[in-house]
Amino acid sequence: MGKAVIGIIGLIIGAVLGIVFGAPLMMGTAAGLGVASGLNAGICATVQAAQDEGVLSAEQVDQVLKRAASDLAAVQGRELEDDIIGSSAHCEKVMADL
């Protein structure tokens, strides 16, 4: 009987600690994902509008996105990784998914 009571108390303490510390962590992660998705959609909407208006070609969109990623990497003191760079084709896919 004593082991069962200790187990139940441990379960209650674990649940309380999980709610107190785990919930804010999960909410912060979800907010970060929402910001990243919104930022990506905003960038893609802007470059697609520029393409539609004839201001930028697909190659120029790729060049602008690469330059923006390069500038952000330089501000952070990091090297640019090619696999994180978007493209006009990627933006078309993002806008289609929305």
Side-chain angles (χ1 to χ4, degrees):
M1 189 71 164
K3 291 181 183 180
V5 171
I6 292 172
I8 291 172
I9 292 172
L11 179 66
I12 292 170
I13 291 172
V16 169
L17 290 176
I19 291 170
V20 170
F21 294 110
L25 180 64
M26 288 188 295
M27 288 173 52
T29 301
L33 290 174
V35 168
S37 297
L39 183 61
N40 198 14
I43 290 169
C44 287
T46 303
V47 296
Q48 194 166 37
Q51 272 186 298
D52 293 344
E53 290 294 320
V55 177
L56 294 174
S57 67
E59 294 80 24
Q60 290 171 324
V61 167
D62 294 345
Q63 181 182 1
V64 167
L65 291 174
K66 184 173 181 175
R67 178 58 185 230
S70 176
D71 289 347
L72 286 174
V75 167
Q76 295 177 351
R78 298 173 51 190
E79 270 307 302
L80 182 64
E81 298 175 13
D82 287 335
D83 59 342
I84 63 167
I85 299 172
S87 65
S88 60
H90 176 260
C91 280
E92 289 175 10
K93 181 180 179 288
V94 167
M95 296 308 290
D97 289 345
L98 290 176

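No hydrogens, no waters, no symmetry mates; every other heavy atom, side chains included, goes into these values.
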Problem - With Ala68 via side chain to side chain contact (heavy atoms under 4.5 Å, CB included) - residues at least two apart - result: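 In terms of side chain to side chain contact (heavy atoms under 4.5 Å, CB included), with neighbours along the sequence ignored, Ala68 is linked to no residue.
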
Practice task
With sequence neighbours excluded, tell me which residues meet side chain to side chain contact (heavy atoms under 4.5 Å, CB included) with Ala58.
Solution key: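 Listed in chain order: Gln51, Ser88.
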
Handout entry: Distance in Å, Leu65 CG paired with Arg67 CZ, rounded so as to fall on 0.5 Å steps
Key =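 These two atoms lie 13.0 Å from each other.
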
Problem - With Glu59 via side chain to side chain donor-acceptor pair (under 3.5 Å) - residues at least two apart - result: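 Result, side chain to side chain donor-acceptor pair (under 3.5 Å) vs Glu59: Ser57.
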
